[in-house]
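What you are looking at is a predicted structure, and each value in this text was computed from that prediction instead of being measured. Throughout, a chain's letter reflects where its sequence line sits, starting with A, and its residues are numbered from 1.
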Amino acid sequence: MTDTPMTSVTAPPPPVSGRNPMASVLIHAALIAASIAMIYPLLWMVSASIRPEDEIFSSTSLLPSSVDFSSYIRGWFGLDISFGRFFWNSLVVSVLTVTGNVMACSLAAYAFARLRFKGRNFWFAIMLGTLMIPYHVTLIPQYVLFLNLGWVDTYLPLVVPKFLASDAFFIFLMVQFFRGIPRELDEAAMMDGCSPWRIYWKIMLPLSLPVLATAAIFSFIWTWDDFFGPLIYLNDMNNYTIQLGLRTFVDSSSTSDWGGLFAMSTLSLVPVFFFFLFFQRLLIEGIATTGMKR
Amino acid sequence: MRGTFGRAFQQEEEQVMLRVSRRNFIAGGAAFLSLSTTGAGGGTSFAADTRLRLLWWGSQARADRTNKVSQLFQTKNAGTTVNGEFLGWTDYWPRLATQVAGRNAPDIIQMDYRYIVEYAQRGALAPLESYMPAKLQIDDFDKTQIDGGSVNGHFYGVSLGANAATTVLNVSAFEQAGVPLPTQATTWEEFARMGAEITKAGKRKGMYGIADGSVVEPLLENWLRQRGKALYTAEGKIAFDHNDASEWFEMWSKFRQAGACVPPDVQALDKNDIETNTVSLARSAAAFAHSNQFVGYQAINKDKLGLTNHPRIAADSKGGHYRKPSMFFSVSAQSKAIDQAVAYINFFIKDPEAALVLGVERGIPESAATREVIASKLDAQGKVALDYVTGLGDLAGALPPPPPAGAGEAELALRNVAEQVGFGQLSAADGGKLLAEEISRIVSRG
Amino acid sequence: MNTATHASAADIAVERHQSVRARGRLARLWASNAPGYLFLLPWLLGFFGLTLGPALVSLYLSFTDFDLIRAPQWTGAANYVRIATADPKFAAAMQVTLTYVVLSVPFKLTFALLVAIALNRGVKGLTFYRAIFYLPSLLGGSVAIAVLWRQLFAGDGLVNAALSQFGIEGPSWISHPNYSIYTLVALSVWQFGSPMIIFLAGLRQIPTDMYEAASLDGASKFRQFYKITLPLLTPVIFFNAVVQTIDAFKAFTPAFIISGGTGGPINSTLFYTLYLYQEAFGNFRMGYASALAWILVVIIAIFTAFSFLTSRYWVHYDD
């Protein structure tokens, strides 16, 4: 997708490409070169998924000696549970996580960014503090807690905390962006008798689309990629997420299905990639395109 | 059915861990937790139907075989259901540790020789000697293999098969370089000469003769055993001294200088798993592994591979090999169904139908009768492994006692010190001193 | 005391009756604080219900000897004393982690900011490039990364192949104790997608009319960047700096997959949390690992507090 006329009008400085063809060529050359460095791993992974297993590790060439798509079929159907099931499970967990994070974190962030209340700084510091504890040491007490709640082997330990804004990263992120929204807007609304809820709902959220989209993208991708949480909390293979499914291809002590691993890894990137493409469009809207006067 | 087990297990008598954490949760203001623990009780009964949870590490191939055996077991034992879960080796241990710590351990646990002491001496495993010989029929096992599953006089682990440390050879690379393959009689000196020749022949770009084995613990153990020493005593103390260790490092320093083995920065690519072994990376023509991994090595290697024993320290040396239980089944001390778990394990190692399904995938079966059942039905790579382990002859000696708590940390220490010597940060003599010191410290801390 | 209660104190002074006065105070207290706490309610529930308990347990465990299986034994400050006096691996891990933080955070942020600015302008195919540049971050900590990084940075890898064009014969970067940490820094910089996206979102929030006005005044591009973009972006820069620093201190996955969990060669990639993980799950010393964790929390907290203290001098908020 190229820039729409609307955004190129509103994009900060006028487009370089429109002015100087030479500069444009240079910029694209640089970007393409960088893109190759970025896309190389994907190419390698695709190549590993279609090449004979016995040259994955010993060959440094990108081109396989022969092409064989059988590892896609083996990977998809080779485990007890079809890989489609893992895709579905990951999708459920990721979508719930995105919903929970965006809703709960934006509420808390609004409180921290705009509302005055006693103890605000204290709670803010505590909130940041929760970002600092390495999860390995809270893992076991948390496991015991969820076990007591009867939540182990369900998605609840992975999802419920998100609806309770457990991810301080997103709160902090949203706070920073909310604070960048001109205060006159909500002050004016307050004069008109708007409740904090209305201000949050009618002013903050609509003006914060870029950061909400950012939070949605990260939530989705990080949940999709998360491995340790599912490893600890999901036992039944029917409940496995993609990352757990992928890991069952590999046993470093005996045999591994490397072709299947790389084939399914490649496929597992498809949904995240499209999610990213879709939501990053929201990044180009927001306050800059609303023509809001400061 | 989700969470049934969690709820059932949490009713267990006052558990220390739970009590401790509960107290803290309350202190933290989360009083609702204690409410939920008493409230969630409910009347889950095990009387009618027993569910066994079984956790193991391994590949899908292993899972297929295991699940088939579970099916067989269920058809012959109505009223017992077996729920299997499996993970790769790396992921297995944190999950097991978490479940054991949370008092939600699976009934049957696949256990490794390295960790059986850690889990057994802390009371996580149920002693099984009272089930022998009636319910656990392992009377035709080697006595030493039973000892291998015993800790402090109690029997905790039923061996599912044996393997042995081995030297993996890239047969094609040897042939290409015109170097004859090592035999059972080959000494270290000869082996190093072969390695240097392969390196010098330079038939393959970037390929050296042999892996730098100074970091490989089973190889060091083999070498020590040939000198009449061992890694650990039966009491769990260090069983070699700094002179042994220095000599070990000295030997490898010589090999390194002679170009017989890979340089240290190539060896450091090896993360102690199959796919980063220098043979798999095509950086050496020989390396060190375990016999049951042969299938895995061959799968990712284009060249024809072979197995041989570790070299002798002298032509008349007895060799330092032993048949090692490649893995055990243990029963969790927290299990509510130890009887059924033992019945399952017994079926797993004894039933001829099960034996045919399992093959040598977990190692060579301990029971002679079982070995006979499967011998004729093995595939080519299974045969290579079986022939290797049974063909060790007088090269194989007695099984050493299970390594003490801290052995995992000690292995990492060997790797660390050997690398310091390899990269030239320490002399072989100082490396020997440091290693002996570190390992003594680690195993005494436990 | 905040301004709201000061104001109410002035109002209240007018009131005669004590009871009315008290009720008024309460009502005002409620009115001024309730909305904040209501919006904070989900987080507070989560904090008290799910986060605080486990955190306190781990704090308690840090004063015990806890092997995951048997009941924890209270040992007082023994773990902390050992860390401070008799643990060479702690020092090694700390040094590795600090190196990683100091190198990876500035490089990654600078890179992310530059790319974000380049991709914010009206370059054709912008969304395409953005997606491509985010790709490495999509891979996260997958096994593929471990293999790939070896293919790039091993002795026979691509990097050395490129260097040999200039007659340089490089070592096996990834497995040499002197260089391995830098390959992990490179990995971190290469996965710059997240801060890039956050910078982009920040850039989009800058009102365009400010640039228009500046252009009319004849301000150069550089001046516009320096006078408009940078100041208005400071909240986001601040956020990225704080969060990336915390993340770098806690980094685990890269070292785990690249070194196979050993932290080698010779502890050169022994990240702090990797050491902590080894202690907790490899060596059955959860009490000790918890003590390590809380020391890390304190160190990160000091860094963060310092960042917040300095932020008032350079971070520009609209409020």
Novice: Chain B contacts: which residues in residues 163-177 of chain C have a non-hydrogen atom closer than 4.5 Å to it?
Specialist: Pro171(C), Ser172(C), Ile174(C), Ser175(C), His176(C), Pro177(C)
Novice: Shorter than 4.5 Å, heavy atoms on both sides: which option in Pro94(B), Ala97(B), Ala124(B), Gly408(B) has the most such pairs with chain C?
Specialist: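 Going by pairs under 4.5 Å, I would pick Pro94(B).
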Novice: If you count heavy-atom pairs under 4.5 Å with chain B, which of Ser259(C), Ala154(C), Gly155(C) comes out on top?
Specialist: Ser259(C)
Novice: Evaluate Glu409(B) against Lys89(C) for salt bridge (Lys or Arg N to Asp or Glu O under 4.0 Å), listing each step before the verdict.
Specialist: CA-CA 12 Å; Glu409(B) 198 182 358; Lys89(C) 267 195 158 181; 5.6 Å; no
Novice: Just wondering, are more than 12 heavy atoms of other shown residues or ligands nearer than 6.0 Å to CH2 in Trp74(C)?
Specialist: yes
Novice: Among Tyr272(C), Phe281(C), Tyr277(C), whose ring pair (Phe, Tyr, Trp, His ring centres under 6.0 Å) with Phe252(C) holds?
Specialist: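 Option passing the ring pair (Phe, Tyr, Trp, His ring centres under 6.0 Å) with Phe252(C): Tyr277(C).
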Novice: Which region of Gln425(B), side chain (C-beta onward) or backbone (N, CA, C, O), has a non-hydrogen atom less than 4.5 Å from a non-hydrogen atom of chain C, or is it both or neither?
Specialist: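 Only the side chain of Gln425(B) comes within 4.5 Å of chain C.
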Novice: Applying side-chain contact (heavy atoms from CB on, under 4.5 Å) between Tyr156(B) and each of Leu125(B), Ile109(B), Val117(B), report the one that passes.
Specialist: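 Testing Tyr156(B) for a side-chain contact (heavy atoms from CB on, under 4.5 Å) against Leu125(B), Ile109(B), Val117(B) leaves exactly one candidate, Leu125(B).
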Novice: Looking only at atom types and distance, does a side-chain atom of Ser280(B) sit under 3.5 Å from a main-chain N or O of Ile274(B), one as donor and one as acceptor?
Specialist: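 Looks like yes, one N/O pair under 3.5 Å.
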Novice: Just give me the residue among Val266(B), Val215(B), Asp270(B), Leu281(B) that pairs up with chain C most often, heavy atom to heavy atom, under 4.5 Å.
Specialist: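 If we count pairs closer than 4.5 Å to chain C, Leu281(B) comes out on top.
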Novice: Quick one: what part of Leu412(B) sits under 4.5 Å from any heavy atom of chain C, side chain, backbone, both or neither?
Specialist: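 Answer is side chain: those atoms of Leu412(B) sit under 4.5 Å from chain C.
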Novice: Is chain B contacted by the side chain of Leu59(C), its backbone, both, or neither, given a heavy-atom distance below 4.5 Å?
Specialist: neither
Novice: Would you please say whether a donor-acceptor pair under 3.5 Å links the side chains of Tyr92(B) and Asp112(B)?
Specialist: no
Novice: Could you tell me if the side chain of Val147(C) sits less than 4.5 Å from the side chain of Glu275(B), heavy atoms only?
Specialist: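 Not touching, per the 4.5 Å side-chain cut-off.
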Novice: Against chain B, label Ser180(C) side chain, backbone, both or neither, depending on which of its atoms sit under 4.5 Å from a heavy atom there.
Specialist: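 When you check distances to chain B, no heavy atom of Ser180(C) falls under 4.5 Å.
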Novice: With a 4.5 angstrom heavy-atom cut-off, is it the side chain or the backbone of Leu96(B) that approaches chain C, or both, or neither?
Specialist: neither
Novice: When rounded to the nearest 0.5 angstrom, what is the spacing between CG in Asn160(C) and CG in Asp156(C)?
Specialist: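 The distance works out to 8.5 Å.
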Novice: Checking side-chain hydrogen bond (donor to acceptor under 3.5 Å, both in side chains) against Tyr288(C), which of Asp87(C), Asn79(C), Asn283(C) comes through?
Specialist: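 It is Asp87(C); the other options fail the test.
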Novice: Look at the aromatic rings of Tyr115(B) and Trp89(B) and report parallel, tilted or perpendicular, splitting at 30° and 60°.
Specialist: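 The arrangement is tilted - the two ring planes meet at 30° to 60°.
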Novice: Counting only non-hydrogen atoms closer than 4.5 Å, does Ile257(C) touch chain B with its backbone (N, CA, C, O), its side chain (CB onward), both, or neither?
Specialist: backbone
Novice: Report yes or no: do Tyr179(C) and Ser268(C) form a side-chain donor-acceptor pair below 3.5 Å?
Specialist: no
Novice: Quick check on the interface: out of Gln278(C), Met286(C), Arg70(C), who has the most heavy-atom pairs with chain B under 4.5 Å?
Specialist: Arg70(C)
